[in-house]
Amino acid sequence: QVHLVESGGGAVQAGDSLRLSCVVSGDTSSNYAMGWIRQGPGKDREFVTSISWSGATTYYAARVKGRFFISRDSAENKVYLQMNSLKPEDTAVYYCAARKTYVIPRTAKDFDSWGQGTQVTVSS
């Protein structure tokens, strides 16, 4: 089991950037794929991005591809989400997510651990 704690959310203007961080603790020695999912107001949770346990492979939802970038620092047990060119529709609670797997997750349901979330609000 892993414990995930997100930080870095906030209120920004459209076009701004934010970097979210996730500190991973617990069973960090295992092969966990990591990612980010989000839930906007009145919406279901949706997949944003994922990164393989090795960090060699990443996958992005179409609506964030080219604007958001995921990375991981396995030595520091951290995962990051760099969000550029933010849009009002990116407003959501962002959750760091994990799953012990060699297969990179591609949907929100592919994860089985989540943090408490961090709010991102983008105004126009």
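We use all heavy atoms of the structure for the numbers below, so side chains are in, but hydrogens, waters and symmetry mates are not. For clarity, every value in this text was computed on a predicted model and none was experimentally measured.
Between the side chain of Ser85 and the backbone N or O of Gly15, no donor-acceptor pair lies under 3.5 Å. A donor-acceptor contact shorter than 3.5 Å links the side chain of Arg72 to the backbone of Ser52. Between the side chain of Tyr60 and the backbone N or O of Ile70 there is at least one donor-acceptor pair closer than 3.5 Å.
Listed here is the closest heavy atom pair of Gly9 and Val120: CA-CG2, 4.1 Å. Nearest heavy atoms, Ala33 versus Pro105: CB-CD, 3.5 Å. Between Trp36 and Leu81, the shortest heavy-atom distance links the atoms NE1-CB, 3.5 Å. Closest heavy-atom contact between Glu6 and Tyr95: OE2-CA, 3.4 Å. The two atoms that bring Ile104 and Thr57 nearest to each other are CD1-O, 3.4 Å, heavy atoms only. Residues Val2 and Ala98 share a closest heavy-atom pair of CG2-CB, 3.8 Å.
Hydrophobic clustering (ILVMFWY, side-chain heavy atoms < 4.5 Å, transitive): Leu20 and Leu4 are in one cluster. By the criterion of side-chain heavy atoms lying less than 4.5 angstrom apart, applied directly or through intervening Ile, Leu, Val, Met, Phe, Trp or Tyr residues, Val122 is grouped together with Phe69 in one hydrophobic cluster.
The pair Glu89-Arg63 does not meet the salt-bridge criterion, since no charged nitrogen lies less than 4.0 angstrom from a carboxylate oxygen.
Relative ring orientation between Tyr94 and Phe68 is described as tilted, the plane-to-plane angle lying within the 30° to 60° band. Using a 30° and 60° split on the angle between ring planes, Phe111 and Phe47 fall in the parallel class, below 30°.
Going from atom OG1 of Thr49 over to atom CD1 of Ile37 covers 12.0 Å, rounded to the nearest 0.5 Å.
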